[in-house]
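These notes concern the structure reproduced below.
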Amino acid sequence: MLEIKYIRENIDTVKKALENRGGKANFDTFIDLEKKRRALLKEIEALRHSRNTVSEEIAATKRAGGNAEKEIIEMREVSDRIKELDKALNETEEGINSFMISLPNMPHSDVPPGLTEEDNRLEKQVGTPRTFDFDIKPHWDIGENLGILDFARAAKITGARFPLYLGQGARLERALINFMLDIHTMEHGFTEALPPFIVNRKSLTGTGQLPKFEEDLFKLEGWDYFMIPTSEVPLTNIHSDEILAEKDLPIRFTAYTPCFRSEAGSHGRDTRGLIRQHQFNKVEMVKYTTPETSFDELESMLASAETILKRLGLPYQVITLCAGDMGFSATKTYDIEVWMPGQDKYREISSCSNCGDFQARRANIKFRREGAKKPEFAHTLNGSGLAVGRCFAAILENYQQADGSVTIPEALRPYMGGAEVIKK
RNA sequence: GGAGAAAUGGCCGAGUGGCUGAAGGCGCUCGCCUGCUAAGCGAGUAUGGGGAUAAAACUCCAUCGAGAGUUCGAAUCUCUCUUUCUCCGCCA
């Protein structure tokens, strides 16, 4: 959410920023509502003031044993009038709020303009894709041949786009989770969390998934609860409605959770394999920072995610998303794309975003500077560290052997009971 | 699931219709005092919004879990919801 005063005073900047990311909104209605709100507020406050003062007089009169009938009748009318105006004010504020809450964040000045992924900016490529002297396979074939992935049975249990890992496959997924969590907690200063996998509407509104993207979520029948699409939601809401101390910042959380997405509108895309599932595992990083450190923290979050890929020996590239390709809440986003030889391209495996104070305003996350009276909005960041299923897929494809086996990256072997290879 | 109790400021806790944005205590901040990691004394210490201002000072409105109601007036009375606690039942 943007600041109401800021929108009012910088309407053209806001409009332009919105257009840059391909959105539009009716600002004229908003301006009218805003004017109306302040007019109503002024009138209501004046009436309340007179009610407060006269009520005190009535109390004094009564205490002295006098008669205040005239004032009481007068105030009865005032109260009725306040009630009417209050109703109008509530409606106005609802209009303003639903407008404000539907506006995406403004892109940072460093973000390249553009509406499609064509306009994303390549920052760097790390590692050299391996050359194969045999016919390489996509990860779903490798996994199914090894008996460690079984999409057919998963479809039987639930339906399409659900994974079933078996044997060394299940173990590899678990190993990756532990490997990532260990690095982030022991080397990068993150506190591990294990949050709820189901969250309420307020939390999803705080991080920006709601109200606009409800169709992307799995909702629980009979409850106003949703399966989390990412642990960004519970982690960023840990400190919602709180005022943090400056000395406690930055606060860094990491968590493993499964994530659940309806993938509405992506029919026919990535229909095979682990790339696009309704349920997938992810290790997430979330930070709460001061405004002046958030972009540095974004760099270090990116580095934290890169560490995982480097240790696993997976080639990748980093891109800065253009304005139109960023998520709703982000002001700047880096995507990390891992090399997938089976598909002969780089695929997203992590997305690290600085949300500035956008989520903090929605979720009411503040901090107080040492000695300062007024609290300020904190900045929040989130990033994958990494998407576990996609990492699993990348390992299968990058470490496949001619005989159909998969070499386990060295860094992962302690987490695999010392195993060096997955074979039939 | 059944029965009961509760929700007040950073924390503890008083307050059952007006003089209570809220006693008292603790904590914290600043100052004073004190020859010693203490005690004492004084002052300050919620959040949001409107107005005012160069910015402040200042001023007004709202907030005692949330929402609705009664009343001239609600922390206090009524209703609904949420959460917590106790007992019973069930359960990984």
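Just so it is clear, the model here is predicted, and its values are computed rather than measured. Order of the sequence lines sets the chain letters (A, B, ...), proteins ahead of strands, with each chain counted from 1.
Put simply, A:Arg368 has a side-chain N or O that comes within less than 4.0 Å of OP1 or OP2 on B:U47. Note on A:Ser79: every side-chain N or O is 4.0 Å or more away from OP1 and OP2 of B:U71. Residue A:Lys374 places no side-chain N or O under 4.0 Å from the OP1 or OP2 atom of B:A46. OP1 or OP2 of B:C72 sits under 4.0 Å from a side-chain N or O of A:Arg76.
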List, with names and distances, any nitrogen or oxygen atoms from the protein found under 3.5 Å away from nitrogen or oxygen atoms belonging to nucleotides 58-60 of chain B.
unit_1 : atom_1 : unit_2  : atom_2 : d
B:C60  : O3'    : A:His49 : ND1    : 2.8

Under 3.5 Å between N/O atoms: give me all the protein pairs with nucleotides 17-22 of chain B, atom names plus distance.
unit_1 : atom_1 : unit_2  : atom_2 : d
B:G18  : O2'    : A:Arg63 : NH2    : 3.4
B:G18  : N2     : A:Ser55 : O      : 3.1

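Residues A:Val406 and A:Ile148 are not in side-chain contact: their nearest non-hydrogen atoms beyond the backbone lie 4.5 Å or more apart. Looking at A:Lys282 and A:Arg390, their side chains never come closer than 4.5 Å, going by heavy atoms from C-beta outward.
If you take atom P in B:A62 and the same atom in B:C19, they sit 13 Å apart, rounded to whole Å. A gap of 8 Å separates the P atoms of B:U76 and B:C64, to the nearest Å. Nucleotides B:G9 and B:A14, compared at atom P, are 13 Å apart to the nearest Å. For the C1' atoms, the distance linking B:A52 with B:U59 amounts to 8 Å, nearest Å. Nucleotides B:C91 and B:G1 have their P atoms positioned 15 Å apart, rounded to a whole Å. A gap of 15 Å separates the C1' atoms of B:U47 and B:U8, to the nearest Å. Here, B:A68 and B:A74 have their C1' atoms 14 Å apart, quoted to the whole Å. Comparing B:C33 with B:C41, their P atoms sit 16 Å apart, to the nearest whole Å.
In this structure, CG of A:Leu244 is placed 14 Å from P of B:G10, rounded to the nearest angstrom. Computed from coordinates, the A:Met75 CE to B:A74 C1' distance equals 18 Å when rounded to whole Å. Look at CG on A:Asn200: it is 10 Å from P on B:U83, rounded to the nearest Å. Rounded to an integer number of Å, the gap from A:Ile44 CD1 to B:G51 P is 14 Å. Distance CD1 (A:Ile82) to C1' (B:C72): 11 Å, rounded to an integer number of Å. Taking atom CG on A:Leu47 and atom C1' on B:G50, their separation rounds to 14 Å, with Å as the unit. When rounded to the nearest whole Å, the span between CZ of A:Arg201 and P of B:C81 equals 20 Å. When the C1' atom of B:G50 is taken as reference, atom CD of A:Glu34 falls 11 Å away, rounded to whole Å.
A:Lys287 and A:Ser300 share a donor-acceptor pair across their side chains, judged by distance under 3.5 Å alone.
Comment: A:Arg347 does not engage A:Glu397 in a salt bridge, judged by the lack of any side-chain N to carboxylate O separation of less than 4.0 angstrom. Ion pairing between A:Arg81 and A:Glu84 holds under the 4.0 Å rule for side-chain N and carboxylate O. The pair A:Arg369-A:Glu376 meets the salt-bridge criterion, since a charged nitrogen lies less than 4.0 angstrom from a carboxylate oxygen. Salt bridge status for A:Lys156 with A:Asp150: absent, with no side-chain N to carboxylate O gap under 4.0 Å. In this structure, A:Glu91 does not pair ionically with A:Lys36, as no charged nitrogen and carboxylate oxygen lie closer than 4.0 Å.
Nearest nucleotide to the side chain of A:Arg37, out of B:G50, B:G73, B:G48: B:G50. For A:Arg48, the listed nucleotide lying nearest its side chain is B:C61; candidates were B:G51, B:C61, B:G73.
Every pair tested for salt bridge (charged side-chain N to carboxylate O under 4.0 Å, His left out) that includes a residue from residues 406-424 of chain A fails, sequence neighbours excluded, so the list is empty.
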Indicate every side-chain donor-acceptor pair of residues 161-170 of chain A with a distance under 3.5 Å to a residue at least two apart or in another chain.
unit_1   : atom_1 : unit_2   : atom_2 : d
A:Arg161 : NH1    : A:Arg269 : O      : 3.4
A:Arg161 : NH1    : A:Asp270 : O      : 3.2
A:Arg161 : NH1    : A:Arg276 : O      : 3.0
A:Arg161 : NH2    : A:Ser266 : O      : 3.2
A:Arg161 : NH2    : A:Arg269 : O      : 3.0
A:Tyr165 : OH     : A:Glu173 : OE1    : 3.1
A:Tyr165 : OH     : A:Glu173 : OE2    : 3.4

Side chains of residues 248-258 of chain A: which donor-acceptor partners sit under 3.5 Å, not counting sequence neighbours?
unit_1   : atom_1 : unit_2   : atom_2 : d
A:Arg252 : NH2    : A:Glu297 : OE2    : 3.3
A:Thr254 : OG1    : A:Glu284 : O      : 2.9
A:Tyr256 : OH     : A:Asn281 : OD1    : 2.9
A:Thr257 : OG1    : A:Ser231 : OG     : 3.4

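Checked against the 6.0 Å centroid threshold, A:Tyr415 and A:Phe179 count as a close aromatic pair. No close placement of the A:Phe197 and A:Phe260 rings is indicated, their centers lying 6.0 Å or farther apart.
In terms of modelled atom types and a separation under 3.5 Å, the side chain of A:His184 and the main chain of A:Met285 share no donor-acceptor contact.
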Dot-bracket line, read 5' to 3' along RNA chain B, where crossing pairs take [ ] and | marks a partner on another strand, Watson-Crick or G-U under 3.5 Å:
((((((((.[[[..)..(.....]]]((((((.......))))))((((((......)))))).[[[[[..)....]]]]])))))))....
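Projected onto RNA chain B by closest heavy-atom contact, A:Ile73 and A:Lys42 fall at different nucleotides, the more 5' of which corresponds to A:Lys42. The residue among A:Glu71 and A:Ser50 whose nearest nucleotide of RNA chain B lies closer to the 5′ end is A:Ser50.
Counting any heavy atom pair closer than 4.0 Å across all strands shown, A:Lys83 reaches sugar-phosphate atoms only and no base atom.
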